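What follows is a short report on a single structure.
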Amino acid sequence: MAPAQLASPAPRGQTAQAPPPARGGSASGSARNGSGSAQAPAARLRAVRASLWLCWCISRSFPGVAMGVRGLQGFVGSTCPHICTVVNFKELAEHHRNKHPGCTPTIVVDAMCCLRYWYTPESWICGGQWREYFSALRDFVKTFTAVGIKLIFFFDGMVEQDKRDEWVKRRLKNNREISRIFHYIKSHKEQPGRNMFFIPSGLAIFTRFALKTLGQETLCSLQEADYEVASYGLQHNCLGILGEDTDYLIYDTCPYFSISDLCLESLSTVMLCREKLCESLDISLADLPLLACLLGNDIIPEGMFESFRYKCLSSYTSVKENFDKKGNIILAVADHISKVLHLHQGEKKLEEMLPLGPNKALFYKGVASYLLPGQKSPWFFQKPKSLITLDKQVLSMSSDPESKQGVPMCTDPEPKQGVPTCTDPEPKQGVPTCTDPELKQGVPTCTDPEPKQGVPTCTDPEPKQGVPTCTDPEPKQGVPICTDPEPKQGVPMCTDPEPKQGVPMCTDPEPKQGVPMCTDPEYKQGIPICVDPESKQEVTLESKQGVPKCTHTEIKQKLPVGADSEFKLEAPMCIDPAIKQQDLMHMEPEVKQETLVSDPEILKVARAHHVRAESYLVYNIMSSGEIECSNTLEDALDQALPSQAFVYRPVRQRVYSLLLGDGRDGASTCPTVKEWFVYSGNPLRHPDLVRPLQMNVPGGTPNLKLLWLNQEPGMQVRRLDALLGCLDLSSSREELQAVENPFKALCCLLIYLFVQVDTLCLEDLHAFIAQALCLQGKSTVQLVDLQLDYIDPRAVQLGSLLVRGLTTLVLVNSACGFPWRMSDFMPWNIFDGKLFHQKYLQAEKGYSVEALVEQNRSRLTKFHALKSVVCKACVKENRRIVSKQHWRSHQPGGPTDARLLNRTDPHGWRVILKRGR
């Protein structure tokens, strides 16, 4: 069975490079098919190596695209292809069941790595082919379910502060890619090739809900997802991890399988064996985190140890002519670890052997980030004399036996014997195999005292680009004020709806770390939580001995070690009596982050919804007060349409008011939220500091306990009032009540958009409504076959603008206690990119309404009803929607004068955004 061709590594989040191969059919199609299962082992190995060589070539063509350790993906493909083995999931699952009767084979899926693989529709430029995408997800799930494999999906729930710089770098790179995309569209009037592929906006958010709709267990991380994925896989004796991130070669966890090499029809893929990698590099598993940090990863900048790596390379004597330079560097660094650092391991601290300098704390944190709960590292502490060494490795650094208590897993005495082994079809001397995991006991592993979160962060020697901060003489606002006389350059502005000072504010240059925990010691009973009406079960927060806990037992062990002790998480300090206190590495104590919400009961509810992937951004706002939004397909040169970051900011501000308060209830401070939103002209040096905007809700703003915990029938009305208040649509409540689902949510969004943005015209409204109505009567096949005359750049941006509005509705619905079913505004029910584009082009050409709804009388009636609701609501807000022809004939230079505005200034958009939003 030959493996499929390897696509380039899929980065976490959006990127335009290295597209996924085309896949036909309902499952994977011929592009991913192998040539049959009857291939000889030698042929299979040659196919694997050819595939990895292709992967390496792609990674060279698109530098920096891979997630994880710098250069490792290319090194594996060009230098160590033997660490990869073609495996079949069906066979692995059967073997696992034989070894562990009664235990379901489970694969942990890093969903963020798989988005590009899952998005198979040919069209991606128009806002997303959501029906097609949902169908592809359904086929993916069915294929694994059919062979008895359970899938657990993990999504990123936050961007860690240590990885913010890398996140910013990728977003700015995406901006350049988007500019090229729009340049191509304007030049060719067609969608670019797959080499410029860009993931549709909101794909990760809606994928969570699509998988939940398909009955899959979907979890959202409380830190970087790869750590929680690796931890879950290890603690639950999973079959393996499915993803595309070389960090999974570094974690000492269950086997790692490539999503980009997955042939869905045959369920074959490539397994990458970390034991073989260690054998090839002559290092141990415990050395991999050290190697990763010296090479550079998402925490350690690649340039930090560049000179050190070249010194290693110059002294590396066994360089072969055919090896590429990057491969040589990895071999040289590994050789230095094996032959130099190991000589002094346990006798000298790392900072005495490596040029860590001022980056010591950051480096230690990078190494610790790979240590899973219960694991230890021999590189952190001096070796006590009482320990016995063998082959320069510490033997007695074993895992804490209590670190896995309470975690359901297969209890076979040899729990990993059912795990696939890397069996080289052509075994050679010196080529390692994936040995029995019991052999790992001889490899030093360590419990980081506070892995992932507990190790102190390195403070930026040049914090915040030198933006000064000062204290307010009236310390009612605990926000640093920027004293830069020229605040326009990259300094975030506070967007108070009623600004009284016009003084730009900057963020805290040293953001605090730690995942906030709620610790109400007196809370002893389960709390019923208001959940999405479609949720299959009610979330209940139970407590033990008066300590509140998250109900999801699997998540407890994946939280950052060193978290709140009342959560009963292991936080071993790895202190041997023979190790003196001064022998520990010099670390600053962890500074735990204070949450913006003081009510632990409400914070528990928000956390539970977050972990279960039932909400969006709510817990981030309440806990850290910091959120982000990635790139959107927006034309930076077209100033007629504002960025979605500005259009939906007033909605977010009202959500902040609901979740945090607006400072007008006697609170001493007005909370601010740090927004890392991508828009044209934003260098992302600092977040925008955004304050809450007071809501206009009948009866006043309700408190969260009523919205979230009160199950009385009348509360659903209050929740709906809160939702409309967030959109500032309370005056249109009666008109909206008459609209049937799923069009009610769409009408709310259209009213908000057309009141908000003056440059939207009647033709735009017709296209939005017509596509939603026509979508209800079309099959997935019909949508696939739909062809467009050409691609219009403005329609591309409008499609993305609407989809971002749908993600904003997810936030609002979550914050208000789920007054609506999530399915009411899932895009596969109310939006299709190509269909909208078709209706937009037809409306631009002057097609009649009858033609837009495809001569269907029932649709025509609904069309006029929906249009009437939107137009009447807009009139109440002094917004009259007119056609584009009316603008040209009666108002030359009218709303289109907004093109003259400076798009980089959020306040400038108040000229085009109605009512100062």
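Every heavy atom of this structure was used, including side-chain atoms; hydrogens, water molecules and symmetry mates were not. Being a predicted model, the structure only gives us computed values, none of them experimental.
For the residue pair Arg171 and Ser630, a side-chain donor N or O sits within less than 3.5 Å of a side-chain acceptor on the partner. Side-chain contact of Asp226 with Tyr248: a donor-acceptor pair under 3.5 Å is absent, judged by distance alone. With no hydrogens or angles considered, a side-chain donor-acceptor pair links Ser260 and Glu244 at under 3.5 Å. With 3.5 Å as the limit, one finds no donor-acceptor pair spanning the side chains of Asp245 and Tyr251. For Asp832 and Gln129, the side-chain atoms include at least one donor-acceptor pair closer than 3.5 Å. Residues Glu675 and Tyr656 bring a donor and an acceptor atom of their side chains to less than 3.5 Å of each other. Thr218 and Arg208 share no side-chain donor-acceptor pair at under 3.5 Å. Residues Thr104 and Thr106 have side chains that never bring a donor and an acceptor to within less than 3.5 angstrom of each other. Under the 3.5 Å distance criterion, with hydrogens and angles disregarded, a donor-acceptor pair is assigned to the side chains of Trp676 and Glu626. With hydrogens and angles left out, the side-chain atoms of Ser643 and Glu634 include a donor and acceptor closer than 3.5 Å.
The closest donor-acceptor contact from the side chain of Asp156 to the backbone of Met158 lies at 3.5 Å or more, if one exists at all. Side-chain atoms of Tyr227 come within 3.5 Å of backbone atoms of Leu371 as a donor-acceptor pair (strictly under, hydrogens ignored). Of the possible donor and acceptor atoms, none in the side chain of Gln644 sits under 3.5 Å from a partner among the backbone N and O of Leu801. In terms of modelled atom types and a separation under 3.5 Å, the side chain of Tyr619 and the main chain of Ala608 share no donor-acceptor contact. No donor-acceptor distance shorter than 3.5 angstrom exists from the side chain of Glu228 to the backbone of Glu224, with no hydrogens or angles considered. Here the side chain of Arg719 pairs a donor or acceptor atom with the backbone of Leu707 at under 3.5 angstrom. Between the Ser657 side chain and the Gln653 main chain, no donor and acceptor come within less than 3.5 Å of each other.
In this structure, Lys169 pairs ionically with Glu166, as a charged nitrogen and a carboxylate oxygen lie closer than 4.0 Å. Electrostatic pairing of Lys674 and Asp688 does not count as a salt bridge here, judged by no charged N lying under 4.0 Å from a carboxylate O. A salt bridge between Lys604 and Asp599 is absent, with no side-chain N of the basic residue lying under 4.0 Å from a carboxylate O of the acidic one. The existence of a salt bridge linking Lys150 and Glu217 is confirmed by a sub-4.0 Å separation between a basic side-chain nitrogen and an acidic carboxylate oxygen.
Judged by the 6.0 Å distance and 45° axis criteria, Arg652 is positioned over the aromatic ring of Phe677.
Atom CZ of residue Phe89 and atom OG1 of residue Thr143 lie 12.0 Å apart, to the nearest 0.5 angstrom.
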As a quick check of understanding, evaluate salt bridge (charged side-chain N to carboxylate O under 4.0 Å, His left out) for Asp139 and Lys142, giving each step before the final call. CA-CA 5 Å; Asp139 292 335; Lys142 280 184 177 180; 5.3 Å; no
Could you give me the CA-CA distance, side-chain angles and deciding distance for Asp298 and Arg164, then say whether salt bridge (charged side-chain N to carboxylate O under 4.0 Å, His left out) is met? CA-CA 9 Å; Asp298 293 339; Arg164 179 64 68 186; over 6 Å; no
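By the 30° and 60° cut-offs, the orientation of the rings of Trp130 relative to Trp828 is tilted.
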